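Here's the structure we're looking at; comments come further down.
Being a predicted model, the structure only gives us computed values, none of them experimental.
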Amino acid sequence: NGLNSFNEGDYVYIRINDCKKELKAKISRINRSEDAEVLVFKLNRMFYDFYSERYVDVEIIQNKYEGLKIPTPAIVEKDGIKGVYIKGVGGITKFRAIEILGQDNEYTVVKEDNGIIRPFISINIGEENKIIYYLSIYDEVIVKGDKIAEGEIIN
């Protein structure tokens, strides 16, 4: 059961009634019985928007990641490194390394490269030293990366 990972005093983000805004909430109490579990949240804002409703739908956001959001099917592995293919200058495809922060079947959140702190990684393949650049915010990711190879020209 997913609720077993929560403890009293933990902070989580919740979304109430499909509201776009995420609210930070403290788990103030957990009541567990054989057939039910109840989490009691403590909020310090937006309470008045919902206090008059008897029942509300609450979505608990267990993991929250900030970075670049890419389609999961775009991820490929090359030389033992996970990455994606991008459309480079002149439509020539290039491989870009990624560092995965969070993932599901549909989307993956990867660490954003600002081009200064860690613009590339260096690996040895056989006797050759190879530079592989990280994905950055303005790169055009090719969604079906497994269907192409580096160096191909695409429109």
Side-chain angles (χ1 to χ4, degrees), residues 1-27 30 37-39 41 43-46 49-50 53 55-155:
N1 184 327
L3 296 180
N4 288 332
S5 64
F6 296 113
N7 297 304
E8 289 182 11
D10 285 353
Y11 283 91
V12 295
Y13 286 92
I14 62 173
R15 200 174 284 130
I16 300 174
N17 288 346
D18 293 326
C19 179
K20 298 285 185 211
K21 188 177 253 184
E22 297 169 0
L23 304 171
K24 188 173 182 178
K26 182 178 183 178
I27 300 174
I30 301 175
E37 292 182 305
V38 176
L39 298 177
F41 296 107
L43 302 167
N44 62 3
R45 50 176 233 212
M46 291 189 66
D49 292 344
F50 306 106
E53 296 185 38
Y55 296 102
V56 293
D57 292 323
V58 176
E59 178 185 356
I60 301 172
I61 302 164
Q62 287 186 280
N63 299 309
K64 186 174 177 178
Y65 303 103
E66 291 186 20
L68 301 176
K69 182 178 172 183
I70 61 172
T72 298
I75 298 172
V76 296
E77 191 167 320
K78 181 179 176 190
D79 300 322
I81 297 173
K82 288 191 185 235
V84 293
Y85 286 107
I86 64 158
K87 181 180 177 183
V89 177
I92 299 172
T93 59
K94 297 185 182 280
F95 181 79
R96 293 292 183 253
I98 58 171
E99 187 175 330
I100 296 173
L101 299 174
Q103 183 175 43
D104 64 22
N105 290 337
E106 197 173 350
Y107 291 103
T108 298
V109 177
V110 301
K111 197 171 198 176
E112 181 180 348
D113 170 40
N114 63 10
I116 298 168
I117 296 172
R118 50 179 204 102
F120 61 86
I121 55 176
S122 178
I123 63 167
N124 290 320
I125 301 172
E127 294 182 16
E128 182 184 350
N129 188 23
K130 190 170 185 179
I131 302 287
I132 299 176
Y133 289 90
Y134 279 101
L135 181 69
S136 64
I137 193 165
Y138 297 108
D139 289 334
E140 292 181 60
V141 174
I142 298 169
V143 176
K144 296 189 180 195
D146 60 339
K147 305 284 186 221
I148 61 159
E150 189 167 14
E152 286 187 24
I153 298 174
I154 58 171
N155 292 341

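For residues 80-96, no residue pair satisfies the side-chain hydrogen bond (donor to acceptor under 3.5 Å, both in side chains) rule, not counting sequence neighbours.
At least one donor-acceptor pair under 3.5 Å links the side chain of Thr72 to the backbone N or O of Asp104. Looking at Asn17, its side chain does come within 3.5 Å of a backbone N or O of Asp57 through a donor-acceptor pair. Of the possible donor and acceptor atoms, one in the side chain of Glu8 sits under 3.5 Å from a partner among the backbone N and O of Ile30.
Side-chain contact between Ile60 and Phe6 is present, with heavy atoms from C-beta onward closer than 4.5 Å. Contact annotation: the side chain of Phe41 approaches that of Val58 to within less than 4.5 Å [non-hydrogen atoms, C-beta and beyond]. Asn7 is not listed as a side-chain neighbour of Ile27, based on a closest heavy-atom distance of 4.5 Å or more. Taking the side chain as every heavy atom from C-beta outward, Leu39 and Val12 never approach each other to under 4.5 Å.
Counting non-hydrogen atoms of other residues, nucleotides and ligands closer than 6.0 Å to CD of Glu66 gives a total of 12 or fewer.
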Side chain to side chain contact (heavy atoms under 4.5 Å, CB included) evaluation trace for Leu43 with Ile16: CA-CA 12 Å; Leu43 302 167; Ile16 300 174; 4.3 Å; yes

Give the C-alpha distance, both sets of side-chain angles, the deciding distance and a yes or no for side chain to side chain contact (heavy atoms under 4.5 Å, CB included) between Val110 and Tyr134. CA-CA 10 Å; Val110 301; Tyr134 279 101; over 6 Å; no

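For Asn129, the side chain to side chain contact (heavy atoms under 4.5 Å, CB included) partners are Ser122, Asn124, not counting sequence neighbours.
Figure legend: Lys24 and Tyr11 shown as a cation-pi pair, the cationic atom lying under 6.0 angstrom from the six-membered ring centre and within 45 degrees of its axis.
Across all non-hydrogen atoms, the minimal contact from Ala97 to Ile81 is CB-CG2, 3.9 Å. Here the closest heavy-atom approach between residue Ala74 and residue Val141 is recorded as CB-CG1, 3.8 Å. Taking each heavy atom of Arg15 and Lys21 in turn, the nearest pair found is CG-O, 3.9 Å.
Atom CD1 of Ile92 is separated from atom CD of Glu152 by 11.5 Å, given to the nearest 0.5 angstrom. The distance from atom CD1 of Ile86 to atom CG of Leu135, rounded to the nearest 0.5 Å, is 7.0 Å. The NZ atom of Lys111 lies 7.0 Å from the CG atom of Leu101; values are rounded to the nearest 0.5 Å. Atom CD1 of Ile100 sits about 7.0 Å away from atom CD1 of Ile70, to the nearest 0.5 Å. To the nearest 0.5 Å, atoms CG (Asp10) and NZ (Lys26) are separated by 10.0 Å.
When the options Val76, Ile154, Val84 are evaluated for a side chain to side chain contact (heavy atoms under 4.5 Å, CB included) with Ile142, the one that passes is Ile154.
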